[in-house]
Structure formats: C-alpha cells, structure tokens
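Predicted, not measured: the structure shown is a model, and the values here were computed from it. So that the names make sense, note that chain A is the first sequence line, chain B the second, and so on, each numbered from 1.
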Number of protein chains: 2
Amino acid sequence: MKQDRPKISDVARIAGVSTATVSRVISNPGMVSEDTRATVQAAIAETGYRLNHAARNLRHQRTGGIVALVPNLSNPFFAQILSGIASVLVPAGYNLLVADTHSAGAEMLLDYAEPSRADGLIVLDGALPAAGLSGRVPVVQACEWVPGLLAPRVKIDNAAAAALAVAHLADLGHRRIGHVAGPRGNVLSEARFKGTVEALRARGLPCPDQADYAADFSLEAGRAAADRWLAADTATRPTALSFASDAMACGFIGEVQRHGLVVPRDVSVVGFDDIELIAHISPPLTTIRQPRAALGRLAAERLLARLRGENDPGDDMLLPVELVIRASTAPLV
Amino acid sequence: MKQDRPKISDVARIAGVSTATVSRVISNPGMVSEDTRATVQAAIAETGYRLNHAARNLRHQRTGGIVALVPNLSNPFFAQILSGIASVLVPAGYNLLVADTHSAGAEMLLDYAEPSRADGLIVLDGALPAAGLSGRVPVVQACEWVPGLLAPRVKIDNAAAAALAVAHLADLGHRRIGHVAGPRGNVLSEARFKGTVEALRARGLPCPDQADYAADFSLEAGRAAADRWLAADTATRPTALSFASDAMACGFIGEVQRHGLVVPRDVSVVGFDDIELIAHISPPLTTIRQPRAALGRLAAERLLARLRGENDPGDDMLLPVELVIRASTAPLV
DNA sequence: AGGCGCAATGTAATCGGTTGCATTCAGGTT
DNA sequence: AACCTGAATGCAACCGATTACATTGCGCCT
C-alpha cells in the first residue's frame with residue numbers, strides 16, 4: 001500500500017542514508033555535505049515527503065504557534081489588532097491562530113493554554129477565568145485584560161480616553177452629556193464609564209446614571225438606546241452622548257435619523273474605537289481613535305520577548321489615543 | 001526540580017498503577033473500576049497533571065482541530081460564517097482555528113493542510129493555490145472557491161444573485177444601471193459581474209464596461225467609485241448602481257452625500273452581503289442577503305461527513321439568497 | 001609512520017501518551 | 001476439583017522526528 005504518507009525513514013532508505021541525516025538536511029542543511037544533501041532532497045521530492053508536525057512538536061516541546069483569544073470575531077475592531085499581531089509574529093517564524101471565545105467552551109479554552117498546543121497566548125478577552133490562564137504558557141493581554149491575571153498588558157488609558165470625549169462635548173457648550181456604556185462587568189465598559197463620570201464631575205456637570213444607558217457594544221444596543229433617548233423628556237435629556245463603541249453610536253444615529261432628527265443639530269454623538277466604516281457614513285462620526293495595529297504589534301513583541309526568555313518589566317503599557325473630530329458633534333445651539 | 005510538568009508516568013507512580021490505566025481513566029473511564037478511577041483522579045488532581053497534546057496527536061494521527069482559511073479577517077462578513085462553522089464543529093468535539101491568508105506566506109498556508117496540523121480545512125479564500133491544497137487533509141470550500149480544486153463547495157449562486165439586483169433596479173424603471181465590481185480575478189467578482197451583464201442583456205439594457213468601476217470590495221474603493229461617478233456626464237452616467245459588496249456601497253453613499261446629493265433621489269444603490277451595519281445607516285441599504293450562518297454550518301457539516309468517511313456526492317451546494325429592499329433604491333423620476 | 005583534529009554520518013535513546021495482547025483473579029459451571 | 005468466562009490491569013511496542021554521543025575516514029603535522 002503506497003498510499004501511506006512517507007515518513008522520514010522511507011526517505012532515508014531511498015537516499016541510502018540514516019534518518020538522522022535526512023533530519024539534518026531538513027532543519028540544519030549546513031551540517032550535511034553537498035552531495036548527500038542533493039541525494040536526500042531528491043529522495044524527498046520523489047516520495048513527496050512532508051514532515052509530521054506532531055512528532056516534531058513532541059520532540060521539540062514547542063509548537064511554533066501562537067493562539068489569540070478574541071471575544072467576538074464579528075467586531076471589526078479586532079481584525080486590525082490581529083493583523084498587527086500577525087505582522088510581528090509571522091516574520092518571527094510563528095503562525096497565528098485565532099480562536100473565538102464565544103464559540104468554545106471553557107474547557108476548550110484552557111486547552112489552548114497548554115504548551116503542547118501553543119507556545120504562547122494573546123488574550124483579547126477580559127471575561128476569561130484568570131485561574132485557568134496562569135501558570136501555563138506565556139500570556140500577554142491586549143486591549144482588554146483579565147482582572148487578577150498577572151501578565152503584561154498592552155492597552156489604552158480607557159478612562160482618560162473617555163474623558164477626552166467629555167472634554168470635547170463640554171467645550172462645545174454641552175452641559176447635559178450622557179454616556180452609553182458597554183456591558184456591565186466588562187473591564188472596558190467600567191473604565192470608560194468611570195472616566196466619563198470623573199470628567200463630568202471635574203467640570204461640575206451632572207452625571208448620568210449608568211443604568212439609563214447600559215448596553216452591550218452592539219449596533220442593536222445603540223438603536224435601543226436611541227429609542228430610550230427619543231422617549232425621554234426633551235427638556236432634560238442629554239444634548240450630547242458619548243458611546244463606548246462606534247457600533248453603538250452608529251445604531252443610535254441610524255435610529256434617530258429614521259425619526260426625522262438630524263445629527264449633530266439635534267444631538268451630538270461621539271463614538272469610540274474609530275473603526276474604518278464610520279468615517280464613511282453620514283454624518284462622519286467624531287470618535288476616539290485607538291491605535292489598533294500598534295496595540296497588536298506591541299502585544300506580539302512583548303510575547304516574543306517573553307518567549308525568548310527576556311525578563312519583562314511586567315508593567316502595563318498605555319498607548320495614546322486621539323480624538324478624531326468629524327461631523328457628528330456640533331456646538332450646543 | 002518539581003517544576004517540570006508532570007507526565008502520565010508520574011501520575012501512575014503516585015496512584016500505584018500503570019500508565020495504561022491512567023490513560024484509560026482519561027479517555028475511557030468506563031473500562032476502569034470505580035476504586036482505581038478515584039485513586040487515579042486523586043493523583044491527577046494532586047500532581048496537576050495535564051495531558052500532552054503533541055504526544056496524543058502523534059499516536060492518534062489526528063489533531064482534533066479544524067483550520068479555516070479566510071482572506072481577510074477585517075471583513076465582518078466572515079465573522080458570521082465562522083460562527084456558523086463553529087456552531088457545528090465545537091459540539092462535534094473539534095476546535096476551530098482561524099488563519100488569515102493575507103498575513104501568512106504561501107509556505108505556511110500549505111502547512112495548515114498537513115494532517116499533523118489539522119484534521120480538516122475550510123477554505124474561504126478563492127485565491128489560494130489549488131496545487132498545494134489537494135491530496136492532503138479533507139477540504140471544503142465555502143463562499144469563495146479555488147478554481148480547479150476538487151473539493152465540495154458550499155456557496156450561493158452569485159450570478160443569479162447579481163441578476164436579482166439588476167431586476168430590482170430595472171423594475172424601478174432604471175435603464176442606465178452600473179455595476180461596481182470586486183477585484184479582477186476574484187471568483188466572486190467575476191461571477192457577479194457576469195450575472196449583472198447577462199441580466200442587463202436579457203432586458204435589452206446597456207451593459208457597463210467592467211473597467212469603469214473595477215474595485216476591490218473595500219470602503220475606500222466605493223468612495224473612489226463615487227468620485228468617478230460624480231465626475232461623469234450627468235446625462236449619461238448610471239442612475240442606479242449595484243455593488244459587489246456592502247462595504248463599497250457604503251463608501252459610495254458616504255461620498256455622494258458629502259457632495260450634497262441624496263440617495264436614493266439622485267442615485268439608487270444596491271449592496272451585496274447584508275452585513276449587519278448597513279441596516280442602521282441612512283438610508284438603510286437595499287442589498288442581497290447571503291445566508292451566512294447557514295453557509296458556515298453546511299460547510300462544517302460536509303467536512304464532518306468527510307471526516308467520518310461518508311462518501312460525499314461532491315456536488316456544489318447552492319444556497320438561496322434574498323433581495324432585502326430598504327431605502328437606498330427608488331423609482332427613477 | 002604515528003597521532004591529532006575535524007567533518008560527515010550513523011546509532012539509539014528520547015519526547016509522552018495509547019493500545020493490542022497477555023496476565024491475573026474472582027465467580028460460576030459441570 | 002477442574003474448567004471456563006469476563007472484568008480489570010499490566011507490559012511493551014509504537015506513533016515519527018530529533019539529537020547527544022559514537023564512529024569513521026581523511027588530511028595534515030611532527
């Protein structure tokens with residue numbers, strides 16, 4: 001039965017050498033004489049030999065792969081972070097695999113943290129259990145973070161970023177400023193809400209009650225927030241809103257426009273993330289830009305440093321954000 | 001040095017049994033007596049033993065993982081397909097890993113098609129080399145397809161879908177109907193363009209020259225198409241356009257609105273895909289909806305069937321699309 | 001001529017589970 | 001009492017590559 005996959009010993013037999021030599025041709029060609037190398041390579045071509053990764057991994061005690069755990073692949077926000085990660089990992093000889101934490105069970109997620117599965121882990125989901133993640137493969141956290149997990153964090157200063165949005169709206173003259181937060185318990189939601197509240201307090205402005213506009217980052221949540229806002233008393237409802245995600249801001253704007261209102265004339269809106277799309281809708285969205293590619297790149301570089309055994313300071317890295325002013329915000333009339 | 005990871009023989013020694021018994025407790029508990037099982041489980045807990053996947057995979061000659069190759073993770077379109085795939089694969093005991101074909105080299109991609117890396121492959125990128133993909137692990141193609149690759153395809157009838165868009169616009173009275181295609185050479189672009197042209201011909205309407213509006217699926221390409229359209233002669237330019245992706249339609253609408261024109265009053269627009277966001281922008285986009293989750297689910301099910309060794313008819317599966325009429329199209333005035 | 005060193009290659013142990021086959025033993029049958 | 005059966009467990013080969021160490025042989029030095 002010739003249909004079995006050829007193994008290294010088949011190649012060795014055909015080339016008339018030992019398996020050790022074949023192995024060296026593959027992973028350390030300089031150690032083999034030119035003649036032998038040619039013979040072996042011919043034998044490899046003849047048999048169509050391909051290396052068995054399971055066997056190599058078992059022997060090497062490494063996999064050459066890094067797994068990224070993302071909470072939700074449908075959020076385009078993550079895609080650019082992942083591409084930043086890949087831009088560092090791939091040239092370094094690692095391959096990047098992505099797993100969606102929503103679609104996998106907790107048991108399976110812990111399995112990704114096994115050295116026999118991946119050499120390292122980049123965690124982009126703050127809702128994972130810290131217990132399962134520690135003491136296994138090297139881990140780096142990016143954007144989100146797991147409370148209690150002792151691993152380097154590469155992120156932005158969410159509270160300060162949220163304050164930036166408030167400052168912008170306040171500077172435009174708005175005094176009733178609302179905030180549509182992400183899901184309760186999410187580390188980003190909490191930090192951004194906290195930053196919003198503190199910024200409002202610092203300016204002596206009234207603080208929104210988080211419960212009024214708690215949501216979940218999604219388009220639909222933004223639309224629902226719009227309904228609540230539309231139903232509220234015109235004299236007391238916010239004249240400006242900051243959102244914890246661009247998606248929610250989009251959903252909100254779409255809905256209020258459908259009700260005949262005009263943004264920013266009737267309400268100013270600030271988003272968060274600066275996903276590509278929102279520059280192209282009307283009105284183009286004012287938002288807080290996160291340096292996504294840089295977040296990914298730095299997270300990957302820190303992971304590589306840990307894999308190389310360099311001792312990492314372990315501090316959080318805070319990357320700067322930027323307020324991008326477009327056309328969804330305007331002075332209070 | 002206690003810091004080594006415990007192996008199965010450590011557990012066996014502590015439990016006072018052989019490694020075979022420990023192995024059976026882990027993967028076939030029914031075969032072991034209750035007493036022994038308890039003892040072994042206690043030893044596992046005591047040592048914190050975790051099984052080495054590389055070793056198991058080597059012995060089993062399988063990995064328990066499926067890799068999905070996607071051309072571009074930043075396209076939210078793929079996320080829901082992947083979630084459909086995961087919804088089938090995960091309950092079946094497989095884990096799903098995603099690799100972005102843009103960020104990996106061709107060499108690396110072929111490695112994913114190795115049985116020692118993954119048990120199966122779901123290809124969502126039609127631009128991969130057919131040669132490297134055949135004769136390795138079982139493959140299923142979804143949405144896009146690789147010309148010449150003999151593997152089951154789960155997709156929509158792209159030409160018919162494009163014709164649906166043309167029919168809608170023609171029924172509204174439009175006679176100069178343009179099409180903004182995806183990238184040249186992409187299988188989807190070609191099929192959708194072909195369908196558009198045929199539908200126009202069948203109705204005796206003038207055909208657009210593909211070159212006029214060739215693009216690449218991106219927002220920015222849609223914006224650029226808008227500039228070309230705006231610069232064209234008002235008397236002869238299309239009064240309606242169908243796009244090969246929603247993203248391009250969004251980019252187009254954003255740009256023409258920025259120039260003071262109104263959609264659909266000044267130009268009707270039909271998108272393609274029905275990504276979630278476009279229902280929330282203004283105007284909500286008329287589009288062709290692809291059954292994304294179903295595409296993913298069916299692709300996964302066919303792959304599972306192949307893995308179980310069931311002989312697959314090998315035919316293409318065509319899933320139905322749907323024209324979703326929203327507010328970006330209107331009768332010709 | 002004898003000895004040394006280096007380059008090229010082979011030998012065999014090893015990575016850590018899995019599993020076919022052998023063994024043991026308790027309980028039941030004739 | 002001899003024998004059979006089946007459940008529970010152990011023994012050891014095996015999956016396929018890697019690599020420390022041993023071996024070979026050639027050229028060069030003294």
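- The distance from atom CG of B:D10 to atom C1' of C:dG17 is 13 Å, rounded to the nearest whole Å.
- Taking both residues in full, the closest heavy atoms of B:R153 and B:R302 are given as O-NH1, 3.6 Å, listed atom of the first, atom of the second, then distance.
- Remark: the A:D216 side chain and the A:S218 side chain contain an N/O donor-acceptor pair separated by less than 3.5 Å.
- One can place CG of B:N28 at 13 Å from P of D:dT9, the figure rounded to the nearest angstrom.
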Side chains of residues 119-133 of chain A: which donor-acceptor pairs under 3.5 Å do they make with residues two or more places apart or in other chains?
{"residue": "A:D119", "atom": "OD1", "partner": "A:T63", "partner atom": "N", "Å": "2.7"}
{"residue": "A:D119", "atom": "OD1", "partner": "A:T63", "partner atom": "OG1", "Å": "3.2"}
{"residue": "A:D119", "atom": "OD2", "partner": "A:T63", "partner atom": "N", "Å": "3.4"}
{"residue": "A:D119", "atom": "OD2", "partner": "A:G64", "partner atom": "N", "Å": "2.7"}
{"residue": "A:D125", "atom": "OD1", "partner": "A:A127", "partner atom": "N", "Å": "2.8"}
{"residue": "A:D125", "atom": "OD2", "partner": "A:T101", "partner atom": "OG1", "Å": "2.7"}

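- Between A:R117 atom CZ and C:dG16 atom C1' the separation is 15 Å, expressed in whole Å.
- Atom C1' of nucleotide D:dA17 and atom CG of B:N57 are separated by 15 Å, given to the nearest angstrom.
- As rounded to whole Å, 12 Å separates atom C1' of C:dT19 from atom CD1 of B:I8.
- Within 6.0 Å of CG on A:L318 lie more than 12 heavy atoms contributed by other residues, nucleotides or ligands.
- In this entry the distance linking CZ of A:R5 with P of D:dG16 reads 10 Å, nearest Å.
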Given protein heavy atoms under 4.0 Å, the one-letter contact record of nucleotides 6-15 of chain C, with B base, S sugar-phosphate only and - none, is simply --SBBB-BBB

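- The side chain of A:H60 places an N or O atom within less than 4.0 Å of a non-bridging phosphate oxygen (OP1 or OP2) of D:dT19.
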Are there any protein N/O atoms within less than 3.5 Å of an N/O atom in nucleotides 23-28 of chain D, and if so, which ones and at what distance?
none

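- The bend of the helix from C:dA1-D:dT30 to C:dT30-D:dA1, defined by the angle between the axes of its first five and last five pairs, stands at 60° to the nearest 10°.
- Annotation: the span from A:Q290 atom CD to A:L295 atom CG amounts to 6.0 Å, rounded to 0.5 Å.
- Distance check: B:L303 CG to B:R308 CZ gives 10.0 Å after rounding to the nearest 0.5 Å.
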Would you tabulate the side-chain donor-acceptor contacts of residues 78-99 of chain B under 3.5 Å, counting partners in other chains and residues two or more places apart, or write 'none'?
{"residue": "B:S87", "atom": "OG", "partner": "B:G84", "partner atom": "O", "Å": "2.7"}

Hey, can you pull the donor-acceptor pairs under 3.5 Å for the side chains in residues 14-25 of chain A, sequence neighbours left out?
{"residue": "A:S18", "atom": "OG", "partner": "A:A20", "partner atom": "N", "Å": "3.4"}
{"residue": "A:S18", "atom": "OG", "partner": "A:T21", "partner atom": "N", "Å": "3.4"}
{"residue": "A:S18", "atom": "OG", "partner": "A:T21", "partner atom": "OG1", "Å": "3.4"}

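- Taking CZ from B:R37 and CD1 from B:I26, the interatomic distance works out to 13.5 Å, rounded to the nearest 0.5 Å.
- For B:Y49 and C:dG16, the shortest distance from a side-chain N or O to OP1 or OP2 is not below 4.0 Å.
- Counting non-hydrogen atoms under 4.0 angstrom, A:I26 reaches nothing in the nucleic acid.
- The distance between atom CZ of A:R50 and atom C1' of D:dC15, rounded to the nearest whole Å, is 20 Å.
- To the nearest 0.5 Å, atom CG of residue A:D10 and atom CD of residue A:E46 are 11.0 Å apart.
- Of the inter-residue distances, the one linking B:N75 atom CG with B:D100 atom CG reads 11.0 Å to the nearest 0.5 angstrom.
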